[in-house]
Trainee: 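Take a look at the following structure, please.
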Amino acid sequence: MTKHELPKAYDFKSTESRVYALWETGGYFKPWNDPSRKGFDPTVKPFVISIPPPNVTGELHLGHAMFVSVEDLMIRYHRMKGIPTLWVPGSDHAGIATQLMVERHLLRTEEVTREELGREEFIKRTWDWKRKYGGMITNQIRRLGASCDWDRERFTLDDGLSRAVREAFVRLYEKGLIYRGPRLINWSPGLKTAVSDLEVEYNEEEATLYYFKYMLKDSQEFIPVATIRPETILGDTAVAVHPDDDRYKKYVGKLVIMPMLGREIPVIADDYVSREFGTGALKITPGHDPNDYAIAQRHNLPVISLLDEAAKINENGGPYQGQDRFECREKLWSDMKKAGLVIKEEKYLTTVPRSQRGGEIVEPMISTQWFVKIEPLAKAALQAVRDGRIKIVPERFEKVYYNWLDNIKDWCISRQLWWGHRIPVWYCENSHMTVTREDPSECATCHSKNIHQDDDVLDTWFSSGLWPFSTLGWPDETPDYKYFYPTSYLETGYDILFFWVARMVMDGLEFTGQAPFHTVYLHGLIRDEHGQKMSKTKGNVIDPLTVMDELGTDALRFTLLVGATPGNDMNLSVKKVEANRNFANKIWNAGRFVINAIDSLPSESAMGDPTLADSWIWTKTQQLLRDVDRLFQTFQYGEAGRQIYEFFWSDFADWYVEIAKEQMQNDGMKKQTVITLARILDMSLRLLHPFTPFVTEELWGHLRRTLLDSPISNIASDWPEALIIAKWPEAHEPEEREESALQDFGKIQEIVRSIRNARAENHVKPSIRFKFKLVSDEDFDLLQRNSYAITCSTGTYPPEIVKRLDSKPVDHIGLVSGSTEIYLPLADMVDKSDEKSRLEKELKEAEAQIERLAQLLAGDFAKKAPASVVDKEREKLAGFKETAEKLRAQWKA
RNA sequence: GGGCGCAUAGCUCAGUUGGUUAGAGCGCUUCUCUUACACAGAAGAGGUCAGGGGUUCGAGUCCCUUUGCGCCCACCA
């Protein structure tokens, strides 16, 4: 028999590299993935997740660690249940982010700009970059233990997905759901591209509110107007007042003179204007403000574009042409001051639109862009959640989802970038448009060969929206697509519910006619230990790679899984991870103990009947299995992890293993003890596996090898099913036996705790062993059978057990635990008065409980509450009464 | 302006069909290097579950309300 030498402390580094290598070489995740696999059952519905594709430029952060942990848990759980699983990995080309990064990279290394290289060359360089560094993020995700189907890795710009994007675009276009035209959009001057409404963030910032005069034509009168962006005065085409505003009514229909440029513009009346706010008069800049744009439409006002693509003033700004928007703001204002048109300036708190990516202030501008007519898609997407085809966890996000889709606006999908899916539209010299799936060689209308493709690319999220089916082969009816689509869960952070989830639902319904998944599970965001957002400037960022290096991947995963509730943000601290590193070590050492126990079991050992401790831990395990399954099915992964943790550490390691040590000293109990240890460890490892895959994989391998060497037969199955305890025959029915095992063992635990407590309170050194007495009529047999458990857990010599005592033994102190009296020979070590006051205190407590319960049972409770609940309280009362009686007897003695 | 979340032990948080002495981790106090583990074991202190009202035999849990913090959405110059 070979000894399995395992290191004393859990060495997660070597374990992780070893286990990782095992997964890499062993085809560990393969078995269920392939429909062509032998023995494959096509009638079993597979469990499928599409990974939220991280940006190729990304570096692993806690958000990634979070989704990988949760999704990997979901996948491993289903895989262990024997359900075919597929977890499609991949990454996103991330238009803006990647383009910016590569631009910066090229500038640094080769000192060339994007423009100098030209479009074609730049894209080539970007692909080079992608090939070189794009694998970084996926490797980091692998390191987290992500059991993805890596042979199916996809990239949003690869050929198949690009085809899907074209297909989607053309279909929408042909259906009239995509159109092109000049509209007011959000323009990012830094990036020189349009961005969608979602990509604009509004921050409250302190700004200046500028008050000035709009002079009436041929008059000394003026209308006071306030603005935050004085430079937009140059683009004004009206001044609006409320129709019922007595102050300004008289001016409606007259003309006012635009400052500096001297253009004459009308005063109009519109009830959009609020009389209370500012001066009650509103300048109208249709070219650069969405509200003004709407008003201009109502009143047939001209629209003036004032800014170029870099947000510099264009030819419409007269003398200010060529100035930056902020520069112009100052210049114009100081000119107006000189001209006596200024009234005042005021500090003002307002919401400033900033680009999510670049951070600069976004300008609303009129621009010709491509849009998706979103309403029909949104309606279908709303319906899918309303009628339950898609369920969102936690449920409250359904409201958020409804609210967004109810108020959704057309989606601007064109971007003035180079890196991305180029819009599949060609123009000829006669301004015909050709929209096709395949690159055309001539104009579809006039057959001109002189055509060129639209310069713009599509919003990255356009391709992400197709992800659940484009990764499976759509638009082709591939075997994968037919078998694995629609997917099962969609798991991601709630922050991209709109960006991604809603769009996938819309696209899925539109293009495949099915909801792309039936459940959306949203996790929260990770903050620092005091709930602050992590940011580089605050210096509170926790790097998952560092944490994995220092404390292990399992510890990080367990922390993320157990510390979080769906949809709620979680505060993470390294201390929590440390605690879970300790847990991994606990698993390791308990495993080590069991493996050594199996090793040391002589082959000729005979099987005995289970002890109370055996039955108890077995029962606890069964309960745990049932609870964990229930919790998993209701997405309460954190609670499940917590319960497994509790069970493993407290019940198994602290109690059962300690008693098992004693049982193994007894030849008659040895075999069943070792078997119980092995079985409980085995089940624990399986339950823990989705949380902490590395340590469990490693230990399970050792366990299995040890078992093969040992006289115990092999263990094998996947996710443990709750078994009926009656497999070990005893007189009672299973449920009753479970109850009695729990109750009886509880009594033993109580006695042990009483003795330990007495030892600690009286400072009896652990090295001192003593005999003691147990007195109980009711539990005499129980105590006799299990006294060894008490002895070994309290560092004592075996007790003398009797049914009753005539008088309190001399030199002993008395304790009461339920119906059992305990006498410890410690009287000479204890202060008599302390002893008295202790008894008194305990008696008082018992009496208080008796009083409370008596009152409870005397009231309506006994009549109206269910019998089982009432009975429980009655039993408690009886217990306290007995305890009190025994305490009183000791008090007297 | 709408919507949502949170408020439980010193700190960070669990507590999902309401069941009657409210849990964990860290921190704190006291003991122990007992042959799986000091990344440990044992014992212990610590909470009127934010305030108020209601439903109920029974509320941390359900309803209303107040206060404080946070988030999301929204076009008020």
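The analysis underlying the following values was restricted to heavy atoms, covering all of them including side chains, and did not include hydrogens, waters or symmetry mates. Owing to the predicted nature of the structure, the values given are computational and were not obtained by experimental measurement. Residue numbering restarts at 1 for every chain, and letters A, B, ... go by the order of the sequence lines.
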Trainee: Please tell me if A/R581 has a side-chain N or O lying less than 4.0 Å from either OP1 or OP2 of B/C39.
Mentor: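 A/R581 to B/C39 OP1/OP2: no side-chain N or O under 4.0 Å.
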
Trainee: With a 3.5 Å limit on both atom pairs, tell me what B/A7 is paired to, counting Watson-Crick and G-U wobble, or say none.
Mentor: B/U67

Trainee: What do you reckon, is CD of A/E851 surrounded by more than 12 foreign heavy atoms closer than 6.0 Å?
Mentor: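 No, because the 6.0 Å sphere around CD of A/E851 holds 12 heavy atoms or fewer from other groups.
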
Trainee: Take atom C1' in B/A7 and the same atom in B/G60, then report the distance between them in whole Å.
Mentor: 12 Å

Trainee: Name the closest nucleotide to the A/F277 side chain, picking from B/C76, B/A36, B/C75.
Mentor: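 Out of B/C76, B/A36, B/C75, the nucleotide with an atom closest to A/F277's side chain is B/C76.
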
Trainee: Tell me, please, whether A/W700 has A/R592 positioned over its six-membered ring: NZ or CZ under 6.0 Å from the ring centre and within 45 degrees of its axis?
Mentor: no

Trainee: Please give the distance between the C1' atoms of B/U66 and B/G25 as a whole number of Å.
Mentor: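 The answer is 33 Å between these two C1' atoms.
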
Trainee: Compare the minimum distances between each of B/U21, B/G25, B/C4 and the side chain of A/R396, then state the nucleotide with the smallest one.
Mentor: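 For the A/R396 side chain, the nearest candidate turns out to be B/C4.
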
Trainee: Between A/K586 and B/G41, is there a contact of a side-chain N or O with OP1 or OP2 at under 4.0 Å?
Mentor: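 Indeed, a polar side-chain atom of A/K586 lies that close.
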
Trainee: What about the rings of A/F770 and A/Y797, do their centers lie closer together than 6.0 Å?
Mentor: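 Ring-ring flag for A/F770/A/Y797: false, centres at least 6.0 Å apart.
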
Trainee: Just say parallel, tilted or perpendicular for the rings of A/F635 and A/Y521, cut-offs at 30° and 60°.
Mentor: tilted

Trainee: Using a cut-off of strictly less than 4.0 Å, decide whether A/N582 has a side-chain nitrogen or oxygen near OP1 or OP2 of B/A40.
Mentor: yes

Trainee: Under a 3.5 Å cut-off for both contacts, is B/C39 paired Watson-Crick or G-U wobble with anything, and if yes, with which nucleotide?
Mentor: none

Trainee: What about A/E658: does its side chain form a donor-acceptor pair under 3.5 Å with the base of B/A42?
Mentor: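 A donor-acceptor contact between them is absent.
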
Trainee: Closest to the A/R756 side chain: B/U21, B/A36, B/A43?
Mentor: B/A43

Trainee: Look at A/Y348 and B/A77 and indicate whether a side-chain polar atom (N or O) is within less than 4.0 Å of OP1 or OP2.
Mentor: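 True: A/Y348 side-chain N/O within range (under 4.0 Å) of B/A77 OP1/OP2.
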
Trainee: Taking only N and O in the side chain of A/T350, is any of them less than 4.0 Å away from OP1 or OP2 of B/A77?
Mentor: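 Result: yes.
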
Trainee: Could you check which nucleotide pairs with B/A74 in any of the strands shown, counting Watson-Crick or G-U wobble with both distances under 3.5 Å?
Mentor: none

Trainee: When rounded to the nearest Å, what value does the distance between P atoms of B/G41 and B/C37 take?
Mentor: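 That atom pair is separated by 12 Å.
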
Trainee: Does B/U34 have a Watson-Crick or wobble partner in any strand here, with both distances under 3.5 angstrom, and which is it?
Mentor: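 For B/U34, the partner nucleotide comes out as none, under the 3.5 Å rule.
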
Trainee: Give none if B/U48 has no partner; otherwise give the nucleotide forming a Watson-Crick or G-U wobble pair with it, both distances under 3.5 Å.
Mentor: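 The base-pairing partner of B/U48, which may sit in any strand shown, does not exist here.
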
Trainee: Report the nucleotide, chosen from B/C73, B/C37, B/G19, that has the shortest atom-to-atom distance to any side-chain atom of A/P866.
Mentor: B/G19

Trainee: Counting any heavy atom closer than 4.0 Å, what does A/Y272 reach on the DNA or RNA strands: base, sugar-phosphate only, or nothing?
Mentor: base

Trainee: Look at the side chain of A/R527 and decide which nucleotide, out of B/C57, B/U16, B/C71, has an atom nearest to it.
Mentor: B/C71

Trainee: Taking only the P atom of each, what is the distance from B/G52 to B/U61 in whole angstrom?
Mentor: 13 Å

Trainee: Counting neighbours of CD on A/E206 that are heavy atoms of other residues, nucleotides or ligands and sit closer than 6.0 Å, is the number greater than 12?
Mentor: yes

Trainee: I want to verify a distance call: between B/U32, B/C26, B/C72, whose nearest atom is closest to the A/A579 side chain?
Mentor: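 The answer is B/C26, which lies nearest to the side chain.
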
Trainee: So A/T634, base contact, sugar-phosphate only, or nothing? Heavy-atom distance under 4.0 Å.
Mentor: nothing

Trainee: As a test of reading the structure: which of B/C57, B/G41, B/A24 is closest to the side chain of A/E646, going by heavy atoms?
Mentor: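 Ranking B/C57, B/G41, B/A24 by closest atom to the A/E646 side chain puts B/A24 first.
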
Trainee: Could you tell me how the ring of A/Y210 sits relative to the ring of A/W333: parallel (under 30°), tilted (30 to 60°) or perpendicular (over 60°)?
Mentor: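 Rings of A/Y210 and A/W333: perpendicular, over 60°.
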
Trainee: Considering just the side-chain nitrogens and oxygens of A/K576, establish if one lies under 4.0 Å of OP1 or OP2 belonging to B/U12.
Mentor: no

Trainee: Describe the nucleic acid contact of A/A653 in one word from base, sugar-phosphate, nothing, applying a heavy-atom distance below 4.0 Å.
Mentor: base

Trainee: Pick the C1' atom in B/A50 and in B/G27, then give their distance to the nearest Å.
Mentor: 24 Å

Trainee: Compare the minimum distances between each of B/G25, B/U16, B/C76 and the side chain of A/T565, then state the nucleotide with the smallest one.
Mentor: B/U16

Trainee: Counting only side-chain N and O atoms of A/N757, is one of them less than 4.0 Å from OP1 or OP2 of B/G44?
Mentor: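 Looking at the OP1 and OP2 atoms of B/G44, one of them is under 4.0 Å from a side-chain N or O of A/N757.
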
Trainee: Which part of the nucleic acid, if any, lies within contact of A/V273, taking any heavy atom under 4.0 Å across all strands shown: a base, the sugar-phosphate backbone alone, or nothing?
Mentor: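 The residue A/V273 makes base contact.
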
Trainee: Which is true for A/K399 with a 4.0 Å heavy-atom rule: it touches a base, it touches only sugar-phosphate, or it touches nothing?
Mentor: sugar-phosphate

Trainee: Does a side-chain heavy-atom distance below 4.5 Å link A/V657 with A/F652?
Mentor: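 In contact.
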
Trainee: Within the pair A/W649 and B/A24, is there a side-chain N or O less than 4.0 Å away from OP1 or OP2?
Mentor: no

Trainee: Any chance you could lay out the ring pair (Phe, Tyr, Trp, His ring centres under 6.0 Å) test for A/F647 and A/Y645, step after step, and finish with the verdict?
Mentor: CA-CA 5 Å; A/F647 165 83; A/Y645 178 103; over 10 Å; no

Trainee: Does a side-chain N or O from A/K575 land closer than 4.0 Å to OP1 or OP2 of B/C26, or not?
Mentor: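 Negative; the distance criterion is not met.
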
Trainee: Please tell me if A/K8 has a side-chain N or O lying less than 4.0 Å from either OP1 or OP2 of B/A36.
Mentor: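 Answer is no, no contact under 4.0 Å.
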
Trainee: Side chain of A/E639: nearest nucleotide among B/C72, B/G15, B/A43?
Mentor: B/G15

Trainee: Base, sugar-phosphate, or nothing: which does A/D654 touch, judged by heavy atoms less than 4.0 Å apart?
Mentor: sugar-phosphate

